[in-house]
Amino acid sequence: MSIRRVLVVGLGNPGEAYRNTYHSAGNIVLEALQKRISATQPSFSSSRHGKKSTLASIGPKYSFLQSPSIMNVTGPWFAKAYKEHLVDNGLSPAELGVVLVHDDLEEELGVVKIRDWARSHRGHNGIKSVNASLKPDPEGKWARVSIGIGRPAEREKASVSDYVLSKIPRHARGIIEEKGGAGLLGALMDLEKKWEAS
């Protein structure tokens, strides 16, 4: 059965104070991609998904959602939004591709990588929460796409936490948007080819 829609969910922390932080790179790149394909993908606007007000861009093929939940407890919302998406669009799990877009401390700034859904969360609390709340349907197509944000020189937990919640300087945000937007588009195209062939 072929994929009819692709649900792409960006991880980040809600609220203006956190929109421009490294931990919200998933949402930043999702916005950058929407601008790249704006001829077919509408601007983000607030609508209800997973029983919460969510910034969403619903196009003919892609549904882009920015998680409205605090990163560490994203899972319950994600599970509701996924199940709701199947019902609202009359899809079976085999007809919906699911892509989770998140920041990655282990990659250089703006580097985009496709990750197997079951691959280690490497300490990422948003991924841990999603995995604890929803087991992928074996009929479905699931993947993660990581966005490199670099890493602070200090590796203690407090330093890492301060870094991911720090404001992104303008030049770094430009790199994330440019490389990340193009990289995410390429990743989606690669995933769709792979899913169609399997």
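Positions are given from 1 along the sequence.
Using a 4.5 Å heavy-atom cutoff, the side chains of D137 and L96 are not in contact. Contact check for V6 versus I3: side-chain heavy atoms found under the 4.5 Å cut-off. Taking 4.5 Å as the limit, some side-chain heavy atom of L91 sits within range of a side-chain heavy atom of R4. Taking the side chain as every heavy atom from C-beta outward, D103 and M71 approach each other to under 4.5 Å. Residues P68 and L55 form no side-chain contact, since every pair of their non-hydrogen atoms from C-beta on lies 4.5 Å or further apart. For the pair R151/V160, a side-chain contact is recorded, criterion being any heavy-atom separation below 4.5 Å from C-beta on. Residues D190 and W195 fail the side-chain proximity criterion, which asks for heavy atoms closer than 4.5 Å. For the pair I147/V111, no side-chain contact is recorded, criterion being any heavy-atom separation below 4.5 Å from C-beta on.
To the nearest 0.5 angstrom, L134 atom CG is 12.5 Å from K80 atom NZ. Between atom NE2 of residue H49 and atom OG of residue S63 there is a gap of 7.5 Å, rounded to the nearest 0.5 Å. For the atom pair CD1 (I149) and CG (D104), the distance works out to 7.5 Å, reported to the nearest 0.5 Å. Remark: S47 OG to K52 NZ distance equals 14.5 Å, nearest 0.5 Å.
Evaluation of the side chain to side chain donor-acceptor pair (under 3.5 Å) rule for R48 yields no partner, not counting sequence neighbours. Evaluation of the side-chain contact (heavy atoms from CB on, under 4.5 Å) rule for D88 yields E84 as partners, not counting sequence neighbours. Residues satisfying the side-chain contact (heavy atoms from CB on, under 4.5 Å) test with P42, not counting sequence neighbours, are S57. With sequence neighbours left out, K61 forms a side-chain contact (heavy atoms from CB on, under 4.5 Å) with E192. Every residue two or more places apart in sequence or in another chain that forms a side chain to side chain donor-acceptor pair (under 3.5 Å) with R173 is listed here: N20, E177. Applying the side chain to side chain donor-acceptor pair (under 3.5 Å) test to S46 and every residue at least two apart in sequence or in another chain returns S53. L165 pairs by the side-chain contact (heavy atoms from CB on, under 4.5 Å) definition with N13, Y18, H23, S161, not counting sequence neighbours. For the ring-ring contact (aromatic ring centres under 6.0 Å, His included) test, residues two or more places apart in sequence or in another chain that qualify with Y62 are F64.
Scanning all heavy atoms of the two residues, the minimum distance from Q34 to F44 falls at CB-CE1, 3.7 Å. Closest non-hydrogen pair, A81 versus L65, comes out as CB-CD1, 4.3 Å. The two residues T40 and P60 come nearest to each other via the heavy atoms O-CD, 3.0 Å. The shortest heavy-atom contact between S129 and T74 is OG-N, 3.3 Å. Nearest heavy-atom pair across L184 and L30 is CD2-CD1, 3.9 Å. For V29 against G181, the heavy-atom pair with the smallest separation is CG1-N, 3.9 Å.
Applying the ring-ring contact (aromatic ring centres under 6.0 Å, His included) definition to pairs two or more places apart or across chains, those involving residues 75-97 are Y82-W142. The salt bridge (Lys or Arg N to Asp or Glu O under 4.0 Å) analysis of residues 37-46, with sequence neighbours excluded, yields no pairs. Evaluation of the ring-ring contact (aromatic ring centres under 6.0 Å, His included) test over residues 170-192, restricted to residues two or more places apart or in two chains, returns none.
Taking 4.0 Å as the cut-off between side-chain N and carboxylate O, R115 and E107 count as a salt-bridged pair. Contact check on E95 versus R5 returns no salt bridge, with no Lys/Arg side-chain nitrogen under 4.0 Å from an Asp/Glu carboxylate oxygen.
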Carefully, step by step, assess L11 and V101 under the rule side chain to side chain contact (heavy atoms under 4.5 Å, CB included). CA-CA 6 Å; L11 291 187; V101 185; over 6 Å; no
Criterion side chain to side chain contact (heavy atoms under 4.5 Å, CB included) on V99 and L191, from CA distance to verdict: CA-CA 9 Å; V99 179; L191 284 167; 3.9 Å; yes
Between D116 and R144, does a side chain to side chain contact (heavy atoms under 4.5 Å, CB included) hold up when you go through it step by step? CA-CA 6 Å; D116 184 77; R144 291 176 9 218; over 6 Å; no
Between N27 and R19, does the side chain to side chain contact (heavy atoms under 4.5 Å, CB included) criterion hold? Intermediate values first, please. CA-CA 8 Å; N27 287 340; R19 283 186 66 72; 5.5 Å; no
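Residues near V87 contribute nothing to a hydrophobic cluster around it, because no ILVMFWY side-chain heavy atom sits closer than 4.5 Å to its side chain.
Although no hydrogens or angles enter the test, the distance criterion places no donor-acceptor pair under 3.5 Å between the side chain of S166 and the main chain of V164. At least one donor-acceptor pair closer than 3.5 Å links the side chain of K135 to the backbone N or O of N131. In terms of modelled atom types and a separation under 3.5 Å, the side chain of T54 and the main chain of A56 share no donor-acceptor contact.
In the hydrophobic cluster analysis, where Ile, Leu, Val, Met, Phe, Trp and Tyr join through side-chain heavy atoms closer than 4.5 angstrom, V9 is grouped together with I58. In this structure, I127 is not a member of the same hydrophobic cluster as I70, with clusters built from ILVMFWY side-chain heavy atoms closer than 4.5 Å.
Within 6.0 Å of CD1 on I175 lie more than 12 heavy atoms contributed by other residues, nucleotides or ligands.
With R36 as reference, E178 is the one residue of E178, E31, Q41 to meet the side-chain hydrogen bond (donor to acceptor under 3.5 Å, both in side chains) rule.
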